[in-house]
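Worksheet: the structure to be examined is printed underneath.
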Amino acid sequence: MVVLKFGGTSVGSAKNIKKVVEIITNTPQKKVVVLSAVSGTTNTLMQIFKAIEQNKEQESVALTSNLKVSYLSLIDELFRTNRYRKKASVFINKEFNFLLQQLKKAANLLLENTILAQGEILSTNLVQLYLEERCVSTRLISALDFMEVGTDNEPNALKIKENILPIINQNNDEKIFITQGFICKKNNGDISNLKRGGSDYTASLIGAAIGAREIQIWTDINGMHNNDPRFVENTFSIEEISFDEAAELAYFGAKILHPQSLIPAKENNIPVLLKNTFNPLSKGTIIKNKTAHKGFTAVAAKDGITVLKIKSYRMLMAYGFLKKVFEVFEKNQTSIDMITTSEVAVSLTIDNNLKINKIISELQQYGKVEVDYNLTIVCVAGDFSENKEGTTTKVFNALKNIPIRMVSYGGSNYNISLLVKNSDKITALKALNEGLFEEKNLLLEATW
Ligand code: ADP
Ligand code: ASP
Ligand code: MG
């Protein structure tokens with residue numbers, strides 16, 4: 001079996017859904033199709049929830065009815081027959097009535113995750129109905145029946161496997177299963193989700209659970225690029241990349257993949273293929289365990305970073321100091337991204353300021369604490385296992401005009417991380433594009 005995941009833009013309009021359906025029906029293998037919400041829907045559902053939280057009832061109702069209108073016009077364009085248009089509009093009315101009912105609940109009883117789940121429920125039902133209209137047999141399976149997370153919201157891989165396999169086996173003759181990305185259930189029955197962009201993670205978790213031969217992530221670009229195409233011109237698509245490098249890029253800001261999405265695929269050695277729904281003939285990017293490529297592969301950037309520096313002369317020659325510092329972060333459930341140390345100070349970065357005040361006050365018992373906000377980690381990913389001379393020189397040369405706050409190299413063979421001011425991010429990404437990939441760029445220009 002294979003898993004095919006389609007993102008928000010891919011199911012973003014009637015025209016695009018038709019392209020998605022072509023890809024599904026042209027894929028001969030038995031498959032699980034994972035769908036995101038129609039692009040923009042999750043954002044609108046978040047706005048609806050925020051409006052209710054702020055007692056702006058009229059605003060929430062207006063947003064809901066505008067969203068409904070957009071779905072009614074989508075089904076008008078998508079379906080060929082009045083019979084199916086009618087079926088789809090009955091479904092849309094039912095789901096939007098449910099949403100309006102939810103909004104009438106007292107703000108303290110209103111559940112954000114129940115509202116957010118509607119996006120994927122809408123898209124999967126509409127695509128399933130469209131396939132039915134085209135006489136393609138499919139089975140819609142609810143992610144809420146098998147995507148289980150613990151109280152910490154971490155997916156329970158074993159439970160997911162135990163839940164989904166019987167569903168698939170009971171429908172042994174079915175060739176196409178359709179399900180929702182992103183949404184899941186806690187073991188206490190509450191609806192939850194895998195955080196923004198989480199449909200990629202769903203696809204990888206399902207792939208691992210069913211022992212898929214391949215996980216395909218269909219999006220709006222020809223695979224993983226060597227740099228962030230939202231900020232840098234002349235980026236190019238990478239044909240092959242290892243799990244380790246791609247995981248670093250996803251974690252450090254390459255939006256094409258959810259940060260955790262490669263873990264289940266890597267652990268189960270299932271190749272992940274990134275493909276473009278709007279250019280299916282383009283090769284895309286294959287992510288697998290080993291690649292022949294050495295040296296620089298790509299650059300990504302992650303915003304919203306805070307750095308904490310703890311300075312203490314007690315650290316000098318003392319053991320156990322770092323342990324105490326790490327315990328503060330562990331206690332406050334905040335993970336650390338980058339670390340650098342000197343004899344008398346340690347600097348650490350975090351990407352989540354939820355517990356920052358508590359962390360600062362607890363760290364103050366060990367030394368003087370300085371905090372800087374609004375920084376960006378720039379991640380240079382590649383295979384640096386050969387430890388070739390000149391690697392870091394190239395990076396620092398490229399960034400010679402940009403002040404670098406922190407550097408991390410050698411933690412893994414696949415990543416050089418640099419901390420810069422957020423205002424220097426785009427300049428840094430562009431400079432690295434010129435400095436590290438110049439030859440490839442010249443080659444690309446010559447072939448145009
Ligand atoms: P989907 O809705 O299909 O999940 P996303 O918007 O989440 O799509 O991810 C695709 C987008 O990721 C691209 O359109 C591109 O702008 C952005 N992106 C950021 N970094 C990269 C990168 N290194 N390679 C490819 N795309 C990237
Ligand atoms: N619909 C969700 C989001 O917009 C999940 C996803 O698209 O992967 O974040
Ligand atoms: Mg995405």
Side-chain angles (χ1 to χ4, degrees), residues 4-13 16-17 19-20 23 34-47 67 112-113 115-124 143 147 179-184 192-206 215-239 241 245-262 272-279 282 284-285 287 296-303 378-382 425-426 429 432-433 437:
L4 270 61
K5 176 258 169 178
F6 294 90
T9 323
S10 301
V11 292
S13 66
N16 294 359
I17 290 176
K19 289 187 202 291
V20 165
I23 294 164
V34 176
L35 301 181
S36 291
V38 167
S39 60
T41 297
T42 309
N43 286 347
T44 307
L45 293 169
M46 283 178 87
Q47 285 172 11
L67 189 65
E112 181 174 20
N113 290 342
I115 292 179
L116 293 190
Q118 285 302 108
E120 272 69 12
I121 291 174
L122 287 166
S123 63
T124 45
M147 284 299 298
T179 194
Q180 300 85 18
F182 180 59
I183 67 175
C184 54
S192 188
N193 62 59
L194 300 175
K195 306 214 180 87
R196 296 307 306 269
S199 302
D200 302 327
Y201 200 12
T202 307
S204 181
L205 287 160
I206 293 179
I215 297 160
Q216 300 179 3
I217 307 281
W218 290 82
T219 181
D220 56 4
I221 189 162
N222 293 347
M224 177 76 83
H225 278 215
N226 72 312
N227 206 325
D228 196 321
R230 292 169 299 175
F231 307 113
V232 181
E233 281 171 19
N234 302 325
T235 62
F236 53 84
S237 128
I238 303 162
E239 267 185 40
I241 186 168
E245 295 166 82
E248 297 280 2
L249 290 165
Y251 186 74
F252 287 111
K255 189 186 172 235
I256 186 166
L257 284 171
H258 176 282
Q260 287 157 289
S261 58
L262 290 175
V272 176
L273 182 62
L274 308 179
K275 291 278 286 179
N276 189 350
T277 303
F278 309 104
N279 187 3
S282 141
T285 301
I287 308 173
F296 301 111
T297 306
V299 180
K302 180 173 169 181
D303 296 333
V378 173
C379 159
V380 179
K425 166 178 128 174
I426 297 177
L429 289 177
L432 288 166
N433 216 46
F437 303 103

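Just follow the structure's listing: the first ligand is 1, and inside any ligand the first atom is 1. All values reported here derive from a predicted model rather than from experimental measurement.
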Item to check | Separation of L67 CG from Q118 CD (nearest 0.5 Å) | outcome: 10.0 Å
Checklist outcome for this item: atom 6 (C) of ligand 2: closest protein heavy atom, distance to 0.1 Å, is S199 OG, 3.3 Å
Checklist entry - Does any N/O atom on T42 come nearer than 3.5 Å to any N/O atom on ligand 2? => result yes
Next on the checklist: Testing the basics here: between T9 and F278, what is the closest heavy-atom pair and its distance to 0.1 Å?
Outcome noted: O-CZ, 3.8 Å
Checklist entry - Looking at residues at least two apart in the chain, or sitting in another chain, which of them share a ring pair (Phe, Tyr, Trp, His ring centres under 6.0 Å) with H258? => result Y201
Checklist entry - Applying a strict 4.0 Å limit to heavy atoms, is G198 in contact with ligand 2? => result yes
Checklist outcome for this item: Of all protein heavy atoms, the one nearest atom 3 (C) of ligand 2 is R196 NE, 3.4 Å
Checklist entry - At a 4.0 Å threshold, what atoms of ligand 2 neighbour a non-hydrogen atom of E120? => result 1 (N), 2 (C), 5 (C)
Next on the checklist: Below a 4.0 angstrom heavy-atom separation, can you tell me which part of R230, side chain or backbone, both or neither, approaches ligand 1?
Outcome noted: side chain
Checklist entry - Between K5 and ligand 1, which part of the residue brings a heavy atom under 4.0 Å of the ligand: side chain, backbone, both or neither? => result side chain
Checklist entry - Is there a side-chain contact between V232 and N234 (heavy atoms, below 4.5 Å)? => result no
Item to check | Option nearest atom 8 (O) of ligand 1 (shortest heavy-atom distance, choices L274, T219, V11, I221) | outcome: T219
Item to check | Any N227 heavy atom less than 4.0 Å from ligand 1 | outcome: yes
Checklist entry - Would you say G8 has any N or O atom under 3.5 Å from an N or O of ligand 1, going by distance alone? => result yes
Item to check | Whether G253 lies under 4.0 Å from ligand 1, heavy atom | outcome: no
Item to check | Per-atom contacts of ligand 1 with D220, taking only distances under 4.0 Å to non-hydrogen atoms | outcome: 10 (C), 11 (C), 13 (C), 14 (O)
Checklist outcome for this item: ligand 1 to K255, heavy atom cutoff 4.0 Å, flagged ligand atoms 5 (P), 6 (O), 7 (O), 9 (O), 12 (O), 19 (C), 20 (N)
Checklist entry - Do I287 and L274 come close enough that some side-chain heavy atom pair is under 4.5 Å? => result yes
Item to check | Within reach of ligand 1, part of T235 (heavy-atom separation under 4.0 Å) | outcome: neither
Item to check | Minimum-distance protein heavy atom relative to atom 7 (O) of ligand 2 | outcome: S36 OG, 3.2 Å
Checklist entry - Relative to each other, are the rings of F437 and F296 parallel, tilted or perpendicular (30° and 60° limits)? => result perpendicular
Checklist entry - For the residue pair A203 and I217, what are the closest heavy atoms and their distance? => result CB-CD1, 4.2 Å
Checklist entry - Any N/O of D200 closer than 3.5 Å to an N/O of ligand 1? => result no
Checklist entry - Who's the nearest protein heavy-atom neighbour of atom 12 (O) of ligand 1, and how far? => result I256 N, 3.4 Å
Checklist entry - Is the closest heavy-atom distance from G197 to ligand 2 below 4.0 Å? => result yes
Next on the checklist: Between D228 and K255, is there a side-chain heavy-atom distance shorter than 4.5 Å?
Outcome noted: no
Item to check | S282 versus N222, closest heavy-atom pair with distance | outcome: OG-CG, 3.2 Å
Checklist entry - Hey, what do you get for CG (L35) to CD1 (I121), rounding to the nearest 0.5 Å? => result 12.5 Å
Checklist entry - When rounded to the nearest 0.5 angstrom, what distance separates OG1 in T285 from CG in N276? => result 10.5 Å
Item to check | atom 23 (N) of ligand 1 - nearest protein heavy atom and its distance | outcome: H225 O, 3.2 Å
Next on the checklist: Heavy-atom distances under 4.0 Å decide this one: backbone, side chain, both or neither, for H258 against ligand 2?
Outcome noted: neither
Next on the checklist: Please check this pair: side chain of T202 against backbone of G198, looking for a donor-acceptor N/O pair closer than 3.5 Å.
Outcome noted: yes
Checklist outcome for this item: CG of N113 to CG of N193, rounded to nearest 0.5 Å, is 4.5 Å
Item to check | P229 near ligand 1 by a heavy-atom separation under 4.0 Å | outcome: yes
